[in-house]
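Each remark here refers to the structure printed beneath this line.
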2 protein chains.
Amino acid sequence: MPSGPAAHADPARAEVGLNAVIISVDGTTPKLLTVERQPHEDGLPSGHLDDTVDRTLEQGVRRLVGRETGLPVRYFEQLYTFGDRNRVPGGRSLAVAYLALVRHQGVQGEANPSWRSCYELFPWEDWRDGPPAALEGSVVPALERWLACAQPGELSTRQERAELTFGLGHARWDPVRVLDRYELLYELRLVGEAAPVDGGPGPGLGLPLSLDHRRIAAAALERLRGKLAYRPVVFEVLPETFSLSRLQQVVEALAGQVLHKQNFRRLVGSANLVEPTGEWDQRTGGRPAELYRFRREVLRERPAPGLGLRRLGGP
Amino acid sequence: MPSGPAAHADPARAEVGLNAVIISVDGTTPKLLTVERQPHEDGLPSGHLDDTVDRTLEQGVRRLVGRETGLPVRYFEQLYTFGDRNRVPGGRSLAVAYLALVRHQGVQGEANPSWRSCYELFPWEDWRDGPPAALEGSVVPALERWLACAQPGELSTRQERAELTFGLGHARWDPVRVLDRYELLYELRLVGEAAPVDGGPGPGLGLPLSLDHRRIAAAALERLRGKLAYRPVVFEVLPETFSLSRLQQVVEALAGQVLHKQNFRRLVGSANLVEPTGEWDQRTGGRPAELYRFRREVLRERPAPGLGLRRLGGP
DNA sequence: CAAACTTATACTCTGGATGAGCATATCCCC
DNA sequence: GGGGATATGCTCATCCAGAGTATAAGTTTG
């Protein structure tokens, strides 16, 4: 914020870019929206702040998402502002990134928007069917090479970092540390945006995006997973009514982890975030499930009590 | 981020402002640095991004802090980007706010920098000597008036929000919810920046700052208190060596809460964040205290294990 | 139609972390 | 050397998260 009207040397007016990481859950798959930025190169929906119409940053993002996707966004949250001069070719571009949550629905438009599984971008993040193949197959060997070529003094530090980041050794996998993991893989040149190292495994892990967009997506997934535990954000990707099993399914999809069913129910119940509707879902294939509704009043009670999952507890 | 070089209609170039909330601890008082922006009006150190010298946003803040205060900053963290068009008089100003931590030392300069107690700005946030006077004296009565004039449907919602935000009724005081509290007080017109309501208490609670700077400071304190629990940030305001009591004192100052001494030690010990130096502080006035040093290696182990205070546990 | 299976829901047990108190050690000051 | 103050070590109760077991209420199948 300027100390005065800053009349003199025109201090660095910068273009204000906006990026949106739009996330939804389709069945059991968490998805994010990409657009075609070049032929055969996808990236996040992006645009610029337009001073003539956007009163706030969030309104700018809202306009941008509307234009590129037409999706009705149910939740916005500012993620981070990127301002490195060398971040994009051609000089400074300041970009404010937002996380947006929507209920899943189809999209089409001239920018070729499409839904991508989050785990297409981050194949090592989905532990619902046990340790992901990408971990054992690519990450662990690469980590071992990285440890092998460490300076003697660095070794224990590298080792500890690797174990904590990827939950190896004694450490437990922490679903939230998405960005840490992406950045370590970037250092290891295991993801496509980083130029592959000689003799490294060919194409790189996961689907690359333009520029640093996959990094931004990692930050978004990290933020979302973190928030699941202490803010009621899941409900923004769910329909009006849902069974508790569906709620758990969606949380598991986003967290990339299976949860203990009974304990999940206990927590949801004690958090007082949902109320029964009296209706029942008959299409379960077993005993019908009661349908619940999010008690949206809790959003007014500002310190929203959260889902109760204090730590995303895995099995 | 631009889809192309954006040559055409010059999409909304904005001035990029920078704000810094510089925090340290002086004895048992957490302090933040203000500068004189107008005669008799203090605010946060602010400036603009300078494209010719600042390669990154953080470098811009570093330069700004250096110019206005000369303080050596030990930790930077981006807080939030404010972009409302009507935020400051005279059109859009985009401002990126940063939290900065320094070891305490004197400052002087032409902008009249001075250290202010955080609790001069937020008198209701310091619970170390029991419930703060400002709570009982001003906040609670104002909350009761606010509840009294609620619509019938709103009452329970308002009540729940008031209780959760300020730890009244069954709810416990949560040291982290600094911003929630400030914003509620702003709505109640209890803080000086908001125009006083008719019949409201005169001057408003706490020291006001320019524009929305006190709100930014609240966001900073909230972030810092939150981080105390899971990232080793306290050490950035402490000297190289310190006793465990001093460490606890500083945490208590920032958290605005007294902690159980024995449990604090247990946690610090198990978190493995500090190591004994073998030296002893003789000036304790009692049994000498062993001096410890932060194991700075843990910062390399990226998912920094945190202080162990999973919740800032009060008595 | 009954057995087998699937899914939902309820209750119990256990280990660990957290909150709180008691006890001891080592200094200073009088 | 006793009292006060601070540091440090240990124990106990409580709560909660993780994990297991049991029951209810449907669908599918022989």
Side-chain angles (χ1 to χ4, degrees), chain A residues 28 127 167 170 172-175 228-230 241-252 255 257-272 274-292 305-315, chain B residues 28 127 167 170 172-175 228-230 241-252 255 257-272 274-292 305-315:
Chain A
T28 61
W127 282 67
H170 300 149
R172 283 180 51 152
W173 175 268
D174 180 353
L228 283 180
Y230 64 98
T241 65
F242 46 84
S243 68
L244 294 185
S245 292
R246 176 64 185 152
L247 174 60
Q248 180 176 356
Q249 209 174 48
V250 170
V251 172
E252 288 178 338
Q257 242 200 354
V258 292
L259 303 172
H260 186 120
K261 183 173 238 176
Q262 294 85 336
N263 293 341
F264 182 82
R265 294 167 155 274
R266 178 173 58 190
L267 289 176
V268 172
S270 63
N272 195 28
V274 299
E275 59 191 2
T277 63
E279 293 168 47
W280 300 79
D281 183 359
Q282 305 286 348
R283 304 159 307 166
T284 56
R287 172 172 168 177
E290 183 157 19
L291 291 175
Y292 290 77
L307 207 154
L309 292 168
R310 340 219 166 232
R311 303 173 54 207
L312 286 170
Chain B
T28 60
W127 282 66
H170 301 148
R172 282 179 53 151
W173 176 269
D174 180 352
L228 284 180
Y230 64 97
T241 65
F242 46 84
S243 67
L244 294 185
S245 291
R246 177 61 186 152
L247 173 61
Q248 181 176 355
Q249 210 175 46
V250 170
V251 173
E252 288 178 337
Q257 243 200 352
V258 291
L259 303 173
H260 189 271
K261 183 174 240 179
Q262 293 86 336
N263 294 341
F264 181 81
R265 292 166 158 275
R266 179 173 56 191
L267 288 177
V268 172
S270 64
N272 195 28
V274 299
E275 59 190 2
T277 63
E279 296 168 45
W280 301 79
D281 183 0
Q282 304 287 349
R283 303 160 307 166
T284 56
R287 171 172 169 177
E290 183 156 19
L291 290 176
Y292 290 78
L307 205 153
L309 292 168
R310 336 212 172 236
R311 303 172 54 208
L312 287 169

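Each chain gets a letter, A, B and so on, in the order the sequences are listed, and its residues count up from 1.
Between the side chain of Q262(A) and the base of dT21(D), at least one donor-acceptor pair of N or O atoms lies under 3.5 Å.
Within the 4.0 Å cut-off from OP1 or OP2 of dA7(D), at least one side-chain nitrogen or oxygen of S245(B) is found. Distances shown here put a side-chain N or O of K261(B) below 4.0 Å from the OP1 or OP2 atom of dA7(D).
Here dG26(D) presents its C1' atom at 12 Å from CG of D281(A), a figure rounded to the nearest Å. Summarising the geometry, the separation between CG on L244(B) and C1' on dG9(D) is reported as 13 Å, rounded to the nearest angstrom. Straight-line distance from the CH2 atom of W280(A) to the P atom of dA8(C): 11 Å, rounded to whole Å. Residue H260(A) contributes atom NE2, which lies 15 Å from atom P of dT9(C) at whole-angstrom precision. Here dG19(C) presents its P atom at 9 Å from CZ of R266(B), a figure rounded to the nearest Å. Rounded to an integer number of Å, the gap from Q257(A) CD to dA17(D) P is 15 Å. Put simply, CD on Q249(B) is 11 Å from P on dT6(D), counting in whole angstrom units. In this structure, CG of L291(B) is placed 12 Å from C1' of dA7(D), rounded to the nearest angstrom.
Inter-residue side-chain proximity for L244(B) and Q248(B) is flagged as unmet; no heavy-atom pair is nearer than 4.5 Å.
In this structure, of dA25(D), dA7(D), dC27(C), it is dA7(D) that holds the atom nearest to the side chain of R265(B).
With 3.5 Å as the limit, one finds no donor-acceptor pair spanning the side chains of Q262(B) and R265(B).
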side-chain contact (heavy atoms from CB on, under 4.5 Å) between V268(A) and Y292(A), worked out: CA-CA 11 Å; V268(A) 172; Y292(A) 290 77; over 6 Å; no
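Nearest-nucleotide positions on DNA chain D place E290(B) closer to the 5' end than the other of N263(A) and E290(B).
Across Q257(A) and P175(A), no two heavy atoms sit closer than the pair OE1-CG, 3.8 Å.
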